[in-house]
Amino acid sequence: MTELPKAYEPSFVEEKWQTRWMSEGCFHANPQSPKPAYSIVIPPPNVTGVLHMGHVLNNTIQDILARRARQEGKEVLWLPGTDHAGIATQARVEKELARENPPRTRYDLGREAFVARVWEWKEKHGGIIIKQLKKLGCSCDWERERFTMDDVYAPEVARVFTELFREGLIYRGRRMVNWDPVLRTALSDEEVIMTPTKSKLYTIRYKLADGSGQLLVATTRPETIMADVAVAVNPKDPRFSHLIGRTVIRPLCEAEIPIIADDHVEIDFGTGALKITPAHDRTDFEVGMKNNLEIIDILTPDGRINCPGCPELHGMDRFAARDKSIELIDAKGLLEKVEEYENNVGISQRSDVPIEPRLSMQWFLKYPCVKEAAEAVASGDIVFRPAHWAKTYAHWLEGIQDWCISRQLWWGHRIPVWYRKDKAAELRGATKLDEADAEAGDIYVGVTPPADPENWVQDEDALDTWFSSWLWPFSTMDEACRAKFYPTSDLVTGPDIIFFWVARMIMAGYRFAGGKPFSNVFFTSIVRDLKGRKMSKSLGNSPDPLDLIAKYGADGLRFGLMRIAPTGTDVKFDEKQIEEGKNFANKLYNAARFRMMQGEAVTDPAPKFTAVHIDILAKLKDLHKSVADALAKYEFNTYTQALYSFFWNEYCSLFLEAVKNDLREGSDPAVRNATLFTMDTVLRHYLALLAPIMPHITEELWESLGFASRHGGTPLMTTELPCPDALLSGLDDSAVSKARATASALYDAANRARNLKAEYNLATNRKVRFILKPALPVDADLATRLALLAGSQSVTCDAAFDAPKGTPTAITPLGELFLPLEGLVDVEAERNRAAKELEKISKEIAKSQVKLSNPAFVDRAPAAVVDQERSRLNDWLTRKTQLESMLAALS
RNA sequence: GCGAAGUUAGCUCAGUGGUAGAGCACAUCCUUCACACGGAUGGGGUCAUAAGUUCGAAUCUUAUACUUCGUACCA
């Protein structure tokens, strides 16, 4: 036993327990269980993903909740899985193809072969993140792992599409969408990030067609001039009212275009005249529709100019064309001026390039159950934590727009719509398709292909990935599971996907699963680096959690991260904090090792509990409560901090130091028994309280301390939480508080004794003798413990002690403590020291006296506060007298 | 523009009206038989700024500054 290594080595232990938990089915949820249900669905990570700090934070929290729920006697389902992540996964495989020799594109392979290739890639590399989650110790029911495109899940997506289509909520239409020219697909509004960008504002002269003058127009996008179909001015703008209805010459790809009036134009901005380009700008499109203007599209799907009428620009990339078009205009003498300008540009979240507003045929969804979703959060039926996210959520729902759900991708759920072969071309070009066309027999919408597939062609597009993930809380469950575990209890996720995922799941829950998908949503902090930047691969500021696990252990990583994870704000990641987690694991291991060295506890003779024993058991009971409170409020850092300070400060630094003598040879066997018994009790309860956050080491120590065998050999993770009520059951409250007061006085006195030693520059290991003039009854046991804690040879109680002149003294709750130091005290230095302290203390006394002589304070402040102030003043006055007599003796 | 969150020790963060806290870092001391991934002691904060409410404000109110996030947009 004593040959256990001095330092805790996590890697072996962690792997051992992960294997054992799984082989014993500890994570498996039983829908038939009579126990109350607790359930959580994992936010499915991208199947292409690798674990990052955000995942660690997120999943550690979920694991704490799940493990604690098991200890509380609940049947727990933590349902894992991965997301097919359409764009990310497709891009990954396309990149692989591009690296081949010769390089290939998906078009070279064709749709079927390409999709097969992605599946192949997924089988080979897709499981990485799942393996990583297992290394972190996540107690998911791995037998129920789902994938958003597996055989069970995919038909659900098609079924939901079909149902919403029949209901008229899904339609195909020609609309302005966000177009990503690199990925060549439409994106939803949520996938576009408006980014302030430095650009240039060009002012260009548009000549009046009749040659009578010119109109100045300001634009940031001169490359789209060829698609201008009008110039608009505000109808209330007196500068231009005479021009309305006349025409100007479009400066590139010259043609006559009208000057129109539209109140969308701001009089004060730019020149007050706005070029109207309906094909390439959202608001221009609306102005165009209102005024029945033509739509001229001069961009290709990959963002190049498509305008044979302007050969200098035709075929050119959109950004190159911007510069070139200005050159052309300048050459024509039509460039008035160029200004530096900062505007907001929509950037694709996926490919990081500016998106193009583009008119195209896409599938849209009018969201179902918006009202129910808004109401659920507003009424508190679904609770958001931190609460302020409810406002963001409500705001989004108020301004909600139809969701563009089609993507021009191959990897994903293909849209379950088929067109009649003989009318396919016509149908695809139609500006609107809905349930009426299905009824007419022109299109077929269903979960399975039509019975006569040779007569139909399927829609080419795939669905937005989120259109499958929004079904995650229920489509992952079979009927039995749903009956037991839906709605789920908690959802733990990042606030960055509140719209993408959380809001949509709530709507889907009401529409398809008969009610809310979860009762609580906990939004985690976003993990940033020390400079406050988001962690990302490109910045290289994102540590690999597996490296951290190798260095500090999964338990250390979990504990360290939870200790700094605040609620409601971002967390700045500092590896030092993770090191703390590891150090803590080591401390725990050594405290357990210390216990193991002492051998079995015996109950004969009956244990003799002293104040320090009762004190630590009472603190343990308090810890039960603070842990329960913190978890009930989802305050994970409070939870972690309470566990940390109890163990390190209260148990190790105070209690263990105070009882060490009890374990040495020649000690009273009854006291020794009390100490061993107390250590066992504390460790047994404490390991259980700590287990949710540090599951591996607690499980290991639970076994090696022999607690497992006492519980029928079951692992800690499936053992119910020990009941705090059993602690101190034989004692009444007043006996407990008396013991606590004594222990607290002892620890306080020990501190002051150590202070004295340090003040007189006595080395820590120097054995000194203290003399105590007791103010309370101090028995031999207490005096011995004080001596031990103070690092001294002895503390002698002597009520009649007459201190020699200048003896260093401290006032403690147990009485006056003297440190006789014959020949060691420098009288001069001692006088200076005392004078300095006297000065300091006099200031405090003056302050306190002013406060206490203020009638407003004495009358209005609570009595306890006033009493406290008075007793503080008394202590100072006593010390003052002492110092004064010391000074008198020294001079 | 609008909205939200934040600003406390060198660093990372606690602290919701009653003597400013923890861990790390720093300084000095200690390898004493659980732990040097440890122990002991110490230095270090006008709690962003300003005004107000109060006997008393890090805490409540208002304004300002800065940081981060969300959202809306004017070419």
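Lettering follows sequence order; numbering is per chain, from 1.
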- Within the structure shown, what part of the strands sits under 4.0 Å from A/E580 by heavy-atom distance: base, sugar-phosphate, or nothing? sugar-phosphate
- Query: Rounded to whole angstroms, how far apart are CD on A/E398 and P on B/rG3?
  - Reply: 14 Å
- When all nucleic acid strands are considered with a 4.0 Å heavy-atom cut-off, which category describes A/P862: base, sugar-phosphate, or nothing? base
- Query: Whole Å only: how far is the CD atom of A/Q641 from the P atom of B/rA22?
  - Reply: 11 Å
- Query: Would you say the base of B/rC35 and the side-chain of A/K6 have a donor-acceptor pair closer than 3.5 Å?
  - Reply: no
- Message: For A/R754 and A/Y341, find the nucleotide of RNA chain B closest to each by heavy atoms; which residue's nucleotide sits nearer the 5' end?
- Response: A/R754
- Task: Could you work out the separation of B/rA58 and B/rA48 based on their P atoms and round it to a whole Å?
- Result: 10 Å
- Evaluate the criterion salt bridge (Lys or Arg N to Asp or Glu O under 4.0 Å) for residue pair A/D262 and A/K290; output intermediate values, then yes/no. CA-CA 9 Å; A/D262 194 290; A/K290 222 177 354 178; 3.4 Å; yes
- With heavy atoms under 4.0 Å as the rule, sort A/E869 into base, sugar-phosphate or nothing. nothing
- When you compare B/rG44 with B/rA20, how far apart are their P atoms, in angstrom units rounded to a whole number? 15 Å
- To the nearest angstrom, how far is A/D574 atom CG from B/rC13 atom C1'? 11 Å
- If you look at every strand shown and take non-hydrogen atoms under 4.0 Å, does A/F499 touch a base, only sugar-phosphate, or nothing? sugar-phosphate
- Message: For A/V231, run the side chain to side chain contact (heavy atoms under 4.5 Å, CB included) check against A/V265, A/I260, A/V217, A/L274 and tell me which one passes.
- Response: A/V217
- Query: Under 4.0 Å between a side-chain N/O of A/N755 and OP1 or OP2 of B/rG42, yes or no?
  - Reply: yes
- Message: Going by the rule side-chain contact (heavy atoms from CB on, under 4.5 Å), which residues pair with A/E340 if we only count those two or more places apart in sequence or in a different chain?
- Response: A/K200
Contacts table for residues 846-856 of chain A: side-chain donor-acceptor under 3.5 angstrom, sequence neighbours left out:
residue : atom : partner : partner atom : Å
A/S848  : OG   : A/E869  : OE2          : 2.7
A/S853  : OG   : A/Q849  : O            : 3.1
A/S853  : OG   : A/V850  : O            : 2.9
A/N854  : OD1  : A/A856  : N            : 2.9

- Message: Need one value for A/V217: base, sugar-phosphate or nothing, where a base atom within 4.0 Å counts as base even if backbone is also close, heavy atoms only.
- Response: nothing
- For A/T283, report the nucleic acid contact type (base, sugar-phosphate, nothing); a contact means any heavy atom under 4.0 Å. sugar-phosphate
- A/S842: side-chain contact (heavy atoms from CB on, under 4.5 Å) partners, not counting sequence neighbours: A/L838, A/K880
- Task: Assess the pair A/F499 and A/Y393: is the distance between their ring centroids shorter than 6.0 Å?
- Result: no
- Does any N or O donor sit under 3.5 Å from an N or O acceptor when you compare the side chain of A/K660 with the base of B/rA34? yes
- Message: Over all strands shown, is A/D496 touching base, sugar-phosphate only, or nothing at heavy-atom distances under 4.0 angstrom?
- Response: nothing
- What's the CE-C1' distance between A/M562 and B/rC13, to the nearest Å? 14 Å
- Describe the nucleic acid contact of A/K582 in one word from base, sugar-phosphate, nothing, applying a heavy-atom distance below 4.0 Å. base
Which atoms of nucleotides 65-68 of chain B (N or O only) lie under 3.5 Å from a protein N or O atom, and what are those distances?
residue : atom : partner : partner atom : Å
B/rU68  : O2'  : A/D570  : OD2          : 3.4

- CD of A/E575 versus P of B/rU12: gap in Å, rounded? 15 Å
- Query: Which value, in whole Å, describes the distance between the P atoms of nucleotides B/rG38 and B/rC24?
  - Reply: 8 Å
- Using side-chain contact (heavy atoms from CB on, under 4.5 Å) as the criterion, list what pairs up with A/E14, not counting sequence neighbours. A/P10, A/Q18, A/I549, A/A554, A/D555, A/H696
- Audit row: A/Q598, A/L676, side-chain contact (heavy atoms from CB on, under 4.5 Å) steps and yes/no: CA-CA 8 Å; A/Q598 312 305 327; A/L676 290 179; 3.7 Å; yes
- What is the nucleic acid contact for A/K576, judged by heavy atoms within less than 4.0 Å: base, sugar-phosphate only, or nothing? sugar-phosphate
- B/rG38 OP1/OP2 closer than 4.0 Å to side-chain N/O of A/N583: yes
- Which is true for A/R664 with a 4.0 Å heavy-atom rule: it touches a base, it touches only sugar-phosphate, or it touches nothing? nothing
- What does A/N751 touch in the nucleic acid at a heavy-atom separation under 4.0 angstrom: a base, only the sugar-phosphate, or nothing? sugar-phosphate
- Same-atom distance (P) from B/rA4 to B/rU61, integer angstrom: 13 Å
- Message: Please classify the nucleic acid contact of A/W648 as base, sugar-phosphate, or nothing, using heavy-atom distances under 4.0 Å.
- Response: sugar-phosphate
- Item | Gap between atoms CG and P, on A/L656 and B/rC33 respectively (whole Å) | 16 Å
- Mind calculating the distance between CG (A/D262) and P (B/rA75) to the nearest angstrom? 16 Å
- If you measure from the P atom in B/rA36 to the same atom in B/rA25, how many Å do you get, rounded? 16 Å
- Message: How many whole angstroms separate atom CD of A/E657 from atom P of B/rA34?
- Response: 9 Å
- Query: Quick one: side-chain contact (heavy atoms from CB on, under 4.5 Å) partners of A/R769, sequence neighbours excluded?
  - Reply: A/Q793, A/S794
- With C1' as the reference atom in both, quote the distance from B/rA9 to B/rC26 in angstrom, rounded to an integer. 12 Å
- Query: Paired with B/rA57 by Watson-Crick or G-U wobble geometry, both distances under 3.5 Å: which nucleotide is it?
  - Reply: none
- Message: In terms of relative ring orientation, are A/F384 and A/F523 parallel, tilted or perpendicular, with 30° and 60° separating the classes?
- Response: perpendicular
- Want to settle it: does A/A592 or A/A218 sit nearer the 5' end of RNA chain B, counting the closest nucleotide to each? A/A592
